[in-house]
There are 2 protein chains.
Amino acid sequence: MGEGNIIITTTATDGRRTDTRDRIRATALEIFSERGWEGATLREIADRLGITRPALYYHFASKEAILDSIHDELARSVDEIIEWAGTQPTGAATRASVLDRLSALMVGQWGPFMHFAQREDDAMRALKGTAAFIKRMNALGDILSPEDTVAARIRARLALDALFMAGARSERLGGTQTERHEEALTIAKQLTR
Amino acid sequence: MGEGNIIITTTATDGRRTDTRDRIRATALEIFSERGWEGATLREIADRLGITRPALYYHFASKEAILDSIHDELARSVDEIIEWAGTQPTGAATRASVLDRLSALMVGQWGPFMHFAQREDDAMRALKGTAAFIKRMNALGDILSPEDTVAARIRARLALDALFMAGARSERLGGTQTERHEEALTIAKQLTR
DNA sequence: GTCTATAATACGATAGAC
DNA sequence: GTCTATCGTATTATAGAC
């Protein structure tokens, strides 16, 4: 809830880490993406960090609090895009720019997490953080629909899917990671034209 | 493995049900679709059927065996489509027919389950049944790609996503269920042209 | 800030009566 | 074919020492 999103590895003078909270979030993001919400265990997060489970509870009150914290960080970036779109005239150019900005997020570390959050949609509707994510995805779907028809809404959702597809594990599509992102972006723009 | 896929409710002369195995599969399909693999519990399946957890074990050896049994039934339908495509000349007309046949599966009871199986892809790679499902989805992706490029493979995957989207919970897209299926099919055909 | 030890709960699965 | 009772193991989470 409001932490910075730049992770800098530091050590105190006695050698103890002082960035454990950020390291927990980074590792949890990996494991949520790999295993899904139910499949991800605090044991695995702790083990991968080389600490014990109780130590996690010093930094976060619950498993859900870790997810919420990760989501808060992503939400700021997505909200920026949504708010920016609100200041622009509706049109194909604005939709293309929104897709450009979203694609940039996917290329970074958010690709696997957005894939996770999207895939867990109904299973996780109960989770506060993810419910908010779904609302943001719906807002993006509305922004990306050129007109108010079922077909346009399906196409807008597919445009988002295209970006997610390139952002997540997608080696089977062939080509380089960069190539996949570029092609997905091109197709997404065609779908929202 | 090898049971019929038509569920007929019958009762023996003393009033006991004789179709519990099929009822378990139908209910499990619902709950897997709603909650995902880890989120689905045998407790909920049993409760919804009005029986106890141990009673499930009379019909299936394990939770995984239930999933495998459901998957076997779907696999026969998907394999029919894949095999039929193999006998046809490659071309836009064949791809459109494959999409028609897949869409017909989605309109039936398989839509939510295909959404489930697709979404659980990496979390469930360990599960025998789902691993086989992923292989079939990859085969369909190949069949639906007009050429051997990254862009074509992304478009083929999005065509499948469009059908899945209409088949699963998708009320937010507006329109009627029939309308959503028709529009999704049209878009899918455009993507694989 | 991290540890050991443990509580409380839920899970999948089994044994054996009926 | 379904039940009651239970086992063994995992989970999230907490208490209190250091």
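Proteins come first, then strands; the chains are lettered A, B, ... in the order of their sequence lines, and each starts at number 1.
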Please check if the side chain of A:S97 supplies one atom and the backbone of A:A93 the other of a donor-acceptor pair under 3.5 Å.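 Yes: the side chain of A:S97 pairs with the backbone of A:A93.
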
Examine distances only and state if a side-chain atom of A:R155 and a backbone atom of B:I187 form a donor-acceptor pair shorter than 3.5 Å.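 The answer is no, because no donor-acceptor pair under 3.5 Å joins these two groups.
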
side-chain N/O A:S62 vs D:dT12 OP1/OP2, d < 4.0 Å: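 No, A:S62 has no side-chain N/O under 4.0 Å of OP1/OP2 on D:dT12.
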
Return the residues of residues 44-58 of chain A meeting this criterion: a heavy atom under 4.0 Å from some atom of DNA chain D. Order them by number, or give none.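 Under 4.0 Å from DNA chain D: A:R53, A:P54, A:Y57.
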
To the nearest Å, how far apart are [X] [atom1] and [N] [atom2]?
X	N	atom1	atom2	answer
B:F60	C:dG12	CZ	P	15 Å
A:L42	C:dA8	CG	C1'	15 Å
B:I24	D:dT2	CD1	C1'	11 Å
B:K63	C:dT14	NZ	P	15 Å
B:E38	D:dT12	CD	C1'	15 Å
B:R43	C:dT9	CZ	P	12 Å
A:W37	D:dT11	CH2	C1'	13 Å

Would you call the rings of A:F116 and A:F113 parallel, tilted or perpendicular if under 30° counts as parallel and over 60° as perpendicular?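 Ring orientation, 0 to 90° scale: tilted.
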
By nearest atom, which of the nucleotides C:dC11, C:dA13, D:dT12 is closest to the A:T41 side chain?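 From the listed options, D:dT12 comes nearest.
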
Taking NZ, NE, NH1 and NH2 as the nitrogens, is one of them in A:R119 or B:E120 under 4.0 Å from a carboxylate oxygen of the other?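 Answer for the salt bridge query: no.
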
Considering only NZ, NE, NH1 and NH2 on the basic side and carboxylate oxygens on the acidic side, decide whether B:R48 and B:E34 come within less than 4.0 Å.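 B:E34 and B:R48: salt-bridged.
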
Contacts table for residues 51-59 of chain B: side-chain donor-acceptor under 3.5 angstrom, sequence neighbours left out:
none

